[in-house]
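Scroll down for the structure; my scribbles are underneath it.
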Amino acid sequence: MHNDIKTWKVTHAGHTFAATSAHEHGATVEGTKALGNWSQGTLHNCYDRTLPVDAMLAAASFNGRRQDSYFLAQDVLDPPAALAATIFPWLEEEEEAYQKQCHNPSGNIHPSTTFPLLHDPSEREKQLSFITKLEALYPVEQLKKHQFEWVQPTTESQDDEWLLIYIYWWPKDKNSSPEITKIWNEWVCSIDGYLPVMQLTEIWGAQWHRNNSAAKTEALQCKKIVTLI
């Protein structure tokens, strides 16, 4: 009657628990049926959720009539630490990488697919420092939409940096061309939550094209349209 709600089904929710619990604790099928005055079909279809343990054991080649016959040797074996260490050998390294991300000065945690961190401590510090720099320039949620590659130049005059991976937007119909509004949004505003192209060039210039001739051509043509607008 609380909150002016009336119901006559106050005991129905306990039917499933009662039937399952009774069966699990040794009650016979006939006794469980009598408990709730259920028919055979109602009992099994609606209330009794007990798994057929005897049948499951028998199907696994154990004695279904003696549940204590179930035995797995691996349950009592104590494998050597050296052997256990060969299972998921990368787990400790990934955990360390995750903890390093947790100690990012900004407090933000990015997916490993966005910023794949290196295992070398000195390089990792450079990576985290550059992530903090990017977070100061761009919204974190937009950064998470992208993937970045850690680039280590061969010349000493250039610093290591995160280089963004980006592919220009194109209609699903490959025979179509992007609309003017789509080009403008991609360059100036945002499209699908990604960083605008103009912002990409602010920090990476044309470097993020990676000398890809198709990307260079696309950039040149789209820039002409945006400039005219």
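What you are looking at is a predicted structure, and each value in this text was computed from that prediction instead of being measured. Positions are given from 1, in the same order as the sequence printed here.
Under the 4.5 Å side-chain criterion, counting only non-hydrogen atoms from C-beta, Cys189 is in contact with Trp184. Using a 4.5 Å cut-off on side-chain heavy atoms (C-beta onward), Leu143 and Leu195 make contact. Counting heavy atoms from C-beta outward, Tyr138 and Ile203 have side chains that approach closer than 4.5 Å.
Separation of atoms CD (Glu125) and CG (Leu117) is listed at 10.0 Å; rounding is to 0.5 Å. Tyr194 OH to Asn185 CG: the interatomic distance, rounded to the nearest 0.5 Å, is 15.5 Å. The line from CG of Asp160 to OG of Ser129 is 11.5 Å long, rounded to the nearest 0.5 Å. If you take CG on Leu200 and CD on Glu186, they are separated by 9.0 Å, rounding to the nearest 0.5 Å. Distance check, rounded to the nearest 0.5 Å: CG of Leu118 to CD of Gln127 gives 4.0 Å.
Cluster membership check: Val140 does not share its hydrophobic cluster with Leu137, using side-chain heavy-atom separations under 4.5 Å among Ile, Leu, Val, Met, Phe, Trp and Tyr. Linking ILVMFWY residues whenever their side-chain heavy atoms come closer than 4.5 Å, directly or via other members, leaves Ile165 and Leu134 in distinct clusters.
In this structure, a donor-acceptor pair under 3.5 Å is present between the side chains of Glu123 and Gln152.
Residues Gln147 and Thr113 approach most closely at CG-O, 3.4 Å, considering heavy atoms. Of all non-hydrogen atoms in Met198 and Val188, the two that sit nearest each other are SD-CG2, 3.7 Å. Listed here is the closest heavy atom pair of Ser69 and Phe62: O-CD2, 3.4 Å. The shortest heavy-atom contact between Pro79 and Leu77 is CD-O, 3.4 Å. Here the shortest heavy-atom pairing between Ile191 and Tyr166 reads CG2-OH, 4.2 Å.
A donor-acceptor contact shorter than 3.5 Å is absent between the side chain of Arg124 and the backbone of Ser122. Side chain of Lys145 to main chain of Asp192: a donor-acceptor pair is present (N/O by atom type, distance under 3.5 Å, no hydrogens or angles).
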Between Lys133 and Trp162, does a side-chain contact (heavy atoms from CB on, under 4.5 Å) hold up when you go through it step by step?
CA-CA 10 Å; Lys133 176 183 175 182; Trp162 286 112; over 6 Å; no
Step by step, would you call Gln199 with Gln142 a side chain to side chain donor-acceptor pair (under 3.5 Å)?
CA-CA 12 Å; Gln199 289 188 358; Gln142 283 188 306; 5.6 Å; no
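The environment of CD1 in Ile167 is sparse: at most 12 heavy-atom neighbours from other residues, nucleotides or ligands sit within 6.0 Å. Around atom CG of Asp120, more than 12 heavy atoms belonging to other residues, nucleotides or ligands sit under 6.0 Å away.
Between Phe115 and Phe148, the ring planes are parallel. Angles under 30° get that label, and only those over 60° would be called perpendicular.
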